[in-house]
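Sequence positions, counted from 1, serve as the residue numbers for this chain. Atoms considered below: every heavy atom in the structure, side chains included; atoms not considered: hydrogens, waters and symmetry mates.
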Amino acid sequence: FGPKDERMSLTKFIHYPPSPEGGAGVNAHHDTGFVTVLAPGPTPGLEVQDAQGEWIPVRAAPGAFVINIGEMLQGMTGNYFL
């Protein structure tokens, strides 16, 4: 919306290549954006950390997306979605 020369995008696409056999993938991190949409592949390994600090495996249904609330949305809602 707005004049074309003043528009900005807050969207970025990231593709993580497969990890080598026996190698580590992406380390634990916070998603700083508003929301993250993940299209998980068939390889397990994606985990989320709960409020108590426990790591929970994400079991995505085939063909489903995983929606992760980022720090921006968390802050805007006063940690309502924490």
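- Phe65 approaches Val37 most closely through the heavy-atom pair CD2-CG1, 3.8 Å.
- Legend: side-chain hydrogen bond (donor to acceptor under 3.5 Å, both in side chains) pairs involving residues 47-57, not counting sequence neighbours: none detected.
- Other residues sharing a hydrophobic cluster with Ile56 under the 4.5 Å side-chain heavy-atom criterion for ILVMFWY residues are Leu38, Leu46, Val48, Val58, Val66.
- The side chain to side chain contact (heavy atoms under 4.5 Å, CB included) check on Ala64 picks up Ala61, with sequence neighbours excluded.
- Taking Val35 as the reference, Ile67 meet the side chain to side chain contact (heavy atoms under 4.5 Å, CB included) condition, with sequence neighbours excluded.
- Applying the side-chain hydrogen bond (donor to acceptor under 3.5 Å, both in side chains) rule to pairs touching residues 28-38 yields His29-Asp31, His30-Glu71, Asp31-Thr36, Asp31-Asn68, sequence neighbours excluded.
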